[in-house]
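One structure below.
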Amino acid sequence: MKKGDHLFLVDGSGYIFRAYHALPPLARKSDGLPTNAVLGFCNMVWKLMRDARNTDVGHPATHFAVIFDYSSKTFRNDLYPEYKANRSAPPEDLVPQFGLIRHATHAFNLPCVEMEGYEADDLIATYCHMAEEAGADATIISSDKDLMQLVSPSVSMYDPMKDHQIGVPEVVERWGVPPEKMIDLQALTGDSVDNIPGVPGIGPKTAALLLEQFGDLDTLLARAGEIKQPKRRQSILENTDKVRLSRQLVTLKRDVPITETPDDFLLEPSNGPKLVAFLKAMEFTTLTRRVAEATGTDAAQVEAAFIPVEHGASAHGPDMEIVSSQTDDKVQDTPEKQDTDEKDEGDTPARLAAQRARAAATEKIDVEAYITITDLQTLKDWIDEAFETGIVAFDTETTSLDPMQAELVGFSLATRPGRAAYVPLGHRQGAGDLLGGGLVEGQLPMREVLAQLKRLMEAPSVLKVAQNLKYDLVVMNRHGIDIAPYDDTMLLSYVLDGGAARGHGMDFLSEKWLGHKPIAFGDVAGTGKKFIGFENVAIDKATHYAGEDADVTLRLWQVLKPRLAATGLVSVYERLERPLAPVLARMEQRGILVDRQILSRLSGELAQNAAAIEEEIYALIGERINIGSPKQLGDILFGRMGLPGGSKTKTGQWSTSAQLLEDLAAEGHELPRKIVDWRQLAKLKSTYTDALPGFIHPETGRVHTNFAMAATTTGRLSSSDPNLQNIPVRNAEGRKIRTAFIADKGHKLISADYSQIELRVLAHVADIAQLKQAFAEGADIHAITASEMFGVPVENMPSETRRRAKAINFGIIYGISAFGLANQLSISREEAGAYIKKYFERFPGIRDYIEETKATARELGYVETVFGRRIHYPEIRAPNAAVRAFNERASINARLQGTAADIIRRAMVRIEPALEKAGLSARMLLQVHDELIFEVAEDEVEATIPVICNVMENAPMPARTLSVPLKVDARAAHNWDEAH
DNA sequence: ACAGAAGCTTA
DNA sequence: GTAAGCTTCTGTT
């Protein structure tokens, strides 16, 4: 073996188990010999050998071996008798397959290596080491983390089933430490599967952190006294010996006294007849045929090999059957019929829309026709062309999905269907190994191009069309470019077909309306670990992709825009959607200030408290299970400990929901309470205190969420990366998170939220006199409801009575059912049904409203908000009663939730001009469905609050005047917790 | 690696 | 009983 050679080492034992568990039971037809793991192994090796010989997937293999465990006893058992002690015996129908797989390896003409006293991993380590010494490369075929300590610049890992390569960067990304520190990390964390102790309470995240702090394990152990977190420090000090032992156990032996050298593993050509003979013996018909074809073997001429089976195979069998996997995905989404009347004569909007749709679906798209622009004159010509046509579709290509992080790589323009061009700006070459790599030559300079682009983007006479414009708006704003006027095809689709389609992404819309499947982003830029970033995509490929995006966007606009007028949705689009995009773009760009110190302190507290509860839980159950695993938890709680188990989930697991555990706690059980408490702490820590700091932008120092405009069916926004619409508020522990959201120096946060907006909307749309009066008088709405229902006075009302009325009020908003109400109130379904009946007797208007909503939803297939937004329920007529009932409840809720969403959208669109008019500098930062958060200079707080409240309370006007007043509560404070 | 389930956070 | 998004665990190609 020499420099330039490439040794492939297959972790045979690993794949046996993986194949066995991944594949359905399979047995040889003639005698019932179980063979599923053998088939999985053969398929994997066959694919791997083809890839390994193939020069264009990388450095081809020159040497090749499959390594197996010899037996379960190894030198590690001498070190630590408990090692892998919790492993149970392999399943009965796997046992005979161990031998068969060794036969398979021989049939592939591959060496089969194993050695008494050592695990396969040790042999792999030894051979990798030898390859490295010889200057050769090695690839380990496995995805086992135990092998990651071997990764180096010349040793990588590869998983052929997932086509996933693991090199040094992947190890660092996955575990937070380089491969040479994997041993230290594993020693700290331990491994429950192999029964390696480690330090309790230290997981990979903490271990990586500690190793980064102290450099390596020895230093860490020597200076453990310096660890700040008392719990963590104590835990490590107490377990020093265990850690040292764990390190010995996880360290792979690189000097196994091997009998075969890598030179013995020289890759030989496959022996077609030999392999086919084996596969025939296994009765793998498909693979036999495939291998015969590929190796030029006449399978009919080959006799099945005789394979001796070590363990009686006939014991298995009669109950096994070959399970064929059926995956006939039903394609059911044909473009639905349009709500247009094509019998009409003349050029009605509906006719025009239908014509456009038909035309668009028949025109072909040719990505080869797009042009790459590399000189300024051509760019100017294209911009002139856009000025002539008055419309241009465009799309920006960047390095990131996050517009605040994205660097501009290029952009595309389309002036007519089929006529598109791409302007590359930031494509790089020779990236990867070398540091970044330089710009590809021949690209226009960013500055001059942006000046030209600005001229076009801000030209009042040219309509700019984009898909998800808000993204481009943020990216362009960061380069000092504004975009106006504009249309957004995603928002058009959302307004036209909200609820009717599976999302409003461009790929989906293109298939639906143009009958054309665009090039997938993943096909040009890669996905997962093969993702290279758009800046590293070749310019010709980028031109096809980006040109197509602009072309498709323009064609979609031609189809969708006419439908707006045809369906009477122009005002929804123009009042509630289009103007909101730049408002949200600004909010996202501003971001909110988050105090890192507060979160870090909270994280420490949570870790400590959780660890304490963890120990109490372990003491109670007498075992260190993974508390975060509902499966393990259920088994212990209801299986071994025999607690009165409630329901099971649909997958047959015991349910361990908070509700159920609370009930058990109420019956006096100690453990469930602790589990609920632990979960709360774990949730707060992982989702908030640990994750949020990672979202602080390196330059702005603030957190910039992404608001999705077209994600919900009802018209609400959603927030992600991070989601700032679900920051805890309901209990004291969680509210501490909110104290980390703060205003800048000299500023305060104002939180302004609508009081009971959905109930007010209900009172208005259902026209309920008692409710309207209660709101007009500013009365307690739940108490009034209770008083009406139960005939008790509002004065001195028992809190339980009010609570029930409140649950019913919310139930109405959610499309009430006896089942749901019963659950909510922990009462019987009969009792809940009686409440609902009583409620409808007192408020017959609400029953009428519900019935009317269901009827129109069924008749039209959609419901409308007060402002005319349509929300489609294509399944409202489903034959399945449960599906139908769900759609009915959703449609009842949609009118209320959607109207409230429309109202706050209107407020958001108006608030900035109102503040400006009042000469105030307040900046809107967040929306949380019925709440708006602003950052305001301290000396402007007093003046700002009434402006905000005024805009919000009058937001429905003048389009609609509600018969119920809207009420907004607003407060200012230095942090979000106090302001709310 | 990825998808789905379970669980938890919000309005 | 409505509407969302995120984390962890688990099973699977």
Side-chain angles (χ1 to χ4, degrees), chain A residues 15 18-24 40 43-44 47 143 159-166 170 174 203 325 527-530 626-634 649-661 675-676 679-680 682-688 690-692 705-706 708 711-731 734 737-738 753-754 756-758 807-808 810-825 832 836 871 885-898 900-901 904 927-931:
Chain A
Y15 275 98
R18 205 163 148 201
Y20 174 79
H21 289 292
L23 295 174
N43 274 326
M44 186 277 289
K47 178 181 186 305
S143 47
D159 181 342
M161 307 324 296
K162 305 292 162 70
D163 192 18
H164 173 220
Q165 191 100 28
I166 301 165
E170 285 79 17
R174 171 75 178 73
S325 62
T527 74
K529 293 292 153 154
K530 284 206 285 189
N626 181 352
I627 306 170
S629 161
K631 188 172 177 293
Q632 289 182 35
L633 208 54
T649 65
K650 58 186 159 193
T651 53
Q653 290 297 324
W654 292 106
S655 166
T656 64
S657 66
Q659 179 62 61
L660 194 143
L661 296 180
I675 293 167
V676 170
R679 278 200 187 143
Q680 195 208 353
K683 173 76 178 176
L684 290 176
K685 183 169 186 305
S686 67
T687 308
Y688 302 106
D690 288 358
L692 277 172
T705 185
N706 177 48
T712 72
T713 41
T714 56
R716 274 190 177 180
L717 303 177
S718 78
S719 155
S720 66
D721 307 298
N723 181 357
L724 295 185
Q725 291 180 326
N726 71 348
I727 302 300
V729 71
R730 287 180 191 169
N731 62 53
I737 310 272
R738 285 199 174 215
D753 69 301
Y754 284 107
Q756 315 270 27
I757 187 166
E758 287 176 9
I808 292 171
F810 274 97
I812 299 295
I813 294 170
Y814 297 154
I816 201 153
S817 78
F819 181 86
L821 185 63
N823 261 343
Q824 178 66 36
L825 289 174
I836 295 170
I871 300 147
F886 175 78
N887 278 272
E888 285 170 357
R889 289 194 299 273
S891 61
I892 292 160
N893 172 254
R895 281 180 81 182
L896 307 172
Q897 190 185 106
I904 199 163
Q927 188 246 46
V928 191
H929 309 308
D930 65 3
E931 174 187 13

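In what follows, chains are A, B, ... by sequence order, proteins preceding strands, each numbered from 1.
Here the side chain of A:Ser686 is nearest to one of C:dT7, B:dT10, C:dG5, namely C:dT7. Proximity note for A:Ser718 (side chain, C-beta onward) versus B:dA11, C:dA3, C:dA4: the nearest is C:dA4. Residue A:Arg730 has its side chain nearest to B:dA11 when only B:dA11, C:dG5, C:dT2 are considered. Among C:dC6, B:dT10, C:dA3, the nucleotide with an atom closest to any side-chain atom of A:Thr712 is C:dA3. The nucleotide whose nearest atom lies closest to any side-chain atom of A:Arg18 is, among C:dT13, C:dG11, C:dA4, C:dT13. Residue A:Thr713 has its side chain nearest to C:dA4 when only C:dG5, B:dT9, C:dA4 are considered. Closest to the side chain of A:Thr687, from the set C:dT7, B:dG7, B:dA11, is C:dT7. Of the candidates B:dA6, B:dA11, C:dG5, B:dA6 carries the atom nearest the A:Pro630 side chain, counting heavy atoms from C-beta on. Closest to the A:Ser720 side chain, of the nucleotides C:dC6, B:dA11, C:dC9, is C:dC6. Closest to the side chain of A:Thr714, out of C:dA3, C:dT8, C:dG5, is C:dA3.
Between the CZ atom of A:Arg738 and the C1' atom of B:dT10 there is a distance of 8 Å, given to the nearest Å. Whole-Å rounding puts the A:Asn731 CG to B:dT10 C1' distance at 12 Å. Atom CE of A:Met44 and atom C1' of C:dT12 are 15 Å apart (whole Å). Distance CG (A:Asp690) to P (B:dT9): 16 Å, rounded to an integer number of Å. The CD-P distance, from A:Glu931 to C:dA3, rounds to 22 Å in whole Å. Taking atom CD of residue A:Gln927 and atom C1' of nucleotide B:dT10, one finds them 12 Å apart after rounding to whole Å. If you measure from atom CD1 of A:Ile904 to atom P of C:dA4, you get 17 Å, rounded to the nearest angstrom. Regarding A:Leu633, its CG atom lies at a distance of 14 Å from the P atom of B:dA6, rounded to whole Å.
In this structure, the separation between CD1 on A:Ile675 and CG on A:Leu633 is 4.0 Å, given to the nearest 0.5 Å. Distance check, rounded to the nearest 0.5 Å: CD1 of A:Ile871 to OG1 of A:Thr712 gives 8.0 Å. Note that CG of A:Asp753 is 13.0 Å distant from NE2 of A:His929, once rounded to the nearest 0.5 Å. Within the model, atoms CD of A:Gln824 and CD1 of A:Ile816 stand 10.5 Å from one another, a figure rounded to the nearest 0.5 Å. A distance of 4.5 Å separates CD of A:Gln680 from CG of A:Asn731, quoted to the nearest 0.5 Å.
Nucleic acid contact for A:Gln824: base, since at least one base atom lies under 4.0 Å from a heavy atom of the residue. The residue A:Ala658 sits close only to the backbone: its heavy atoms come under 4.0 Å of sugar-phosphate atoms, none of a base. Residue A:Asn43 is out of contact with every strand shown, counting any heavy-atom pair closer than 4.0 Å. Within the 4.0 angstrom heavy-atom criterion, only backbone atoms of the sugar-phosphate kind lie near A:Arg889; the bases stay farther away. As judged by a 4.0 angstrom heavy-atom cut-off over every strand, A:Phe810 is placed among residues making no nucleic acid contact. If you check every strand for non-hydrogen atoms under 4.0 Å, A:Ala885 touches nothing. Residue contacts for A:Asn726: at a heavy-atom cut-off of 4.0 Å it reaches a base atom on one of the strands shown. Across all strands, A:Ile813 comes closer than 4.0 Å to no nucleic acid atom at all (heavy-atom distances). Nucleic acid contact class of A:Gln680 (heavy atoms, under 4.0 Å, all strands): sugar-phosphate only. Residue contacts for A:Ile727: at a heavy-atom cut-off of 4.0 Å it reaches the sugar-phosphate backbone alone, with no base atom in range. The residue A:Ala691 sits close only to the backbone: its heavy atoms come under 4.0 Å of sugar-phosphate atoms, none of a base. As judged by a 4.0 angstrom heavy-atom cut-off over every strand, A:Gly811 is placed among the base-contacting residues. Counting non-hydrogen atoms under 4.0 angstrom, A:Asp721 reaches the backbone sugars and phosphates but no base. Counting any heavy atom pair closer than 4.0 Å across all strands shown, A:Ser657 reaches sugar-phosphate atoms only and no base atom.
Here the closest non-hydrogen pair linking A:Ser719 and A:Thr705 is OG-OG1, 2.8 Å. In terms of heavy atoms, A:Leu661 sits closest to A:Val676 at CB-CG2, 3.5 Å.
For A:Arg679 against B:dA6, a side-chain-to-base donor-acceptor contact under 3.5 Å is absent. A donor N or O paired with an acceptor N or O is not found under 3.5 Å between the base of B:dT10 and the side-chain atoms of A:Gln725.
Residues A:Leu821 and A:Phe810 fail the side-chain proximity criterion, which asks for heavy atoms closer than 4.5 Å.
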